[in-house]
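Presented below is the structure to which this report refers.
The figures that follow rest on heavy atoms only: side chains count, while hydrogens, waters and symmetry mates do not. What you see is a predicted model, and the numbers here were worked out from it, not measured in a lab. Here is the naming used below: chain letters follow the sequence lines, and residue numbers restart at 1 for every chain.
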Protein chains: 2
Amino acid sequence: MRSIHYTRDALVEVLRRHDINPTHQRIEIAYALFSRGEHLSADQVLAIVNDRHSQTSKATVYNTLNLFLRKKLIREVIVDPSKVFYDPNTIPHHHFYNVDTGELVDIDAAEITISGLPQLPEGIVTEGVDVIVRVRSKAE
Amino acid sequence: MRSIHYTRDALVEVLRRHDINPTHQRIEIAYALFSRGEHLSADQVLAIVNDRHSQTSKATVYNTLNLFLRKKLIREVIVDPSKVFYDPNTIPHHHFYNVDTGELVDIDAAEITISGLPQLPEGIVTEGVDVIVRVRSKAE
DNA sequence: ACTGAAATTAGACACAGTCCAGATTATGAA
DNA sequence: TTCATAATCTGGACTGTGTCTAATTTCAGT
């Protein structure tokens, strides 16, 4: 998906640029997301972070993910009714979502074009456009 | 949104056509959705149905909504991380979602065109394409 | 080292949705 | 009508995600 090697030092810089005080826990959580470049649920982040090094509480994981969201360091992907996925890729893109396997794959936004969207009423601003292509492993 | 008057009798027919045994509770739940033509959460359906007539349990509302989904009588709209909305409109369409107000508005799929979607791998079939335009009430 | 602000924590809590075992209702044969 | 059977519905316990709170820890600046 992405093979950039994120050192923790590099992530400290990224956090600072996003106006986030780089604490131990925040660095570990960022590392979990960015070193893999995968879509992870809060649950998965918690498990990964507590596998190595320091213990991090559930509350901190949720607080931190929401902080990262607010600071636009990561995005949230809402495809599964039961949990949110967090996406370290903030380049505009969309998703394939395999309903059977839960697999979530990026689609570069540059590749696709959406035309004919209705005009927005006055005072309403677009925040973002999400395209989700729900797929399944053939058969039925 | 839609001003067709659904009688309960008409809904019985709709249920039958979708291979659903039309019980009291199922008719009331269908009526709640189709008479309003709005996106409702399970919670809202439960409240509406129990406002009038017979008592219907939470379990039945969830069972029934999932049955309707399986039988493709309704669709689910996943935009809010905390709850699913059920949509009686099964004509292909997309959504505006106001992040501030929670308001959900239809966009006719016929109006818009999406081009450039990547080829799917062998053995993978498209289930549906959801476009969600997230909007907010200006300012920031 | 001392102090206040920021961050983290455990655990209680809220709430959507599921599960289960028992009660109710519908169906249909005799 | 009566009985047997299957389908449906039910309350309530339960699960899992995410939030809240009050107390503790960490950290920056003096």
Just the table, please: protein N/O against nucleotides 15-18 of chain C N/O, every pair under 3.5 Å.
| residue | atom | partner | partner atom | Å |
| --- | --- | --- | --- | --- |
| C/dG17 | OP1 | B/V84 | N | 3.2 |
| C/dG17 | OP2 | B/Y62 | OH | 3.1 |
| C/dG17 | N7 | B/K58 | NZ | 3.3 |
| C/dG17 | O6 | B/K58 | NZ | 2.9 |
| C/dT18 | OP2 | B/N66 | ND2 | 3.4 |

Ignoring backbone atoms, test whether [X] places a side-chain nitrogen or oxygen under 4.0 Å from the OP1 or OP2 oxygen of [N].
X: A/Q55; N: C/dA10; answer: no
X: A/N21; N: C/dA7; answer: yes
X: A/H24; N: C/dT8; answer: no
X: A/T60; N: C/dT8; answer: no

Rounded to the nearest Å, what distance is computed from the [atom1] atom of residue [X] to the [atom2] atom of nucleotide [N]?
X: A/I78; N: D/dT17; atom1: CD1; atom2: P; answer: 16 Å
X: B/L46; N: D/dG12; atom1: CG; atom2: P; answer: 14 Å
X: B/R26; N: C/dA26; atom1: CZ; atom2: C1'; answer: 12 Å

**Report entry** B/D130 versus B/H95, side-chain donor and acceptor atoms under 3.5 Å
**Finding:** no
Query raised in the report: Out of D/dC9, C/dT9, C/dT8, which has the shortest distance to the side chain of A/T64?
Result: C/dT8
Report task. State plainly whether the residues A/R136 and A/D100 are in salt-bridge range, i.e. N to O under 4.0 Å. Result -> yes
Report task. Determine, for B/D43 against B/K83, whether the closest basic-nitrogen to carboxylate-oxygen distance falls under 4.0 angstrom. Result -> no
Query raised in the report: At under 4.0 Å between heavy atoms, what does A/T23 touch on the DNA or RNA strands: base, sugar-phosphate, or nothing?
Result: sugar-phosphate
**Report entry** Worked check of side-chain contact (heavy atoms from CB on, under 4.5 Å) between B/I48 and B/Y31
**Finding:** CA-CA 10 Å; B/I48 291 166; B/Y31 187 78; over 6 Å; no
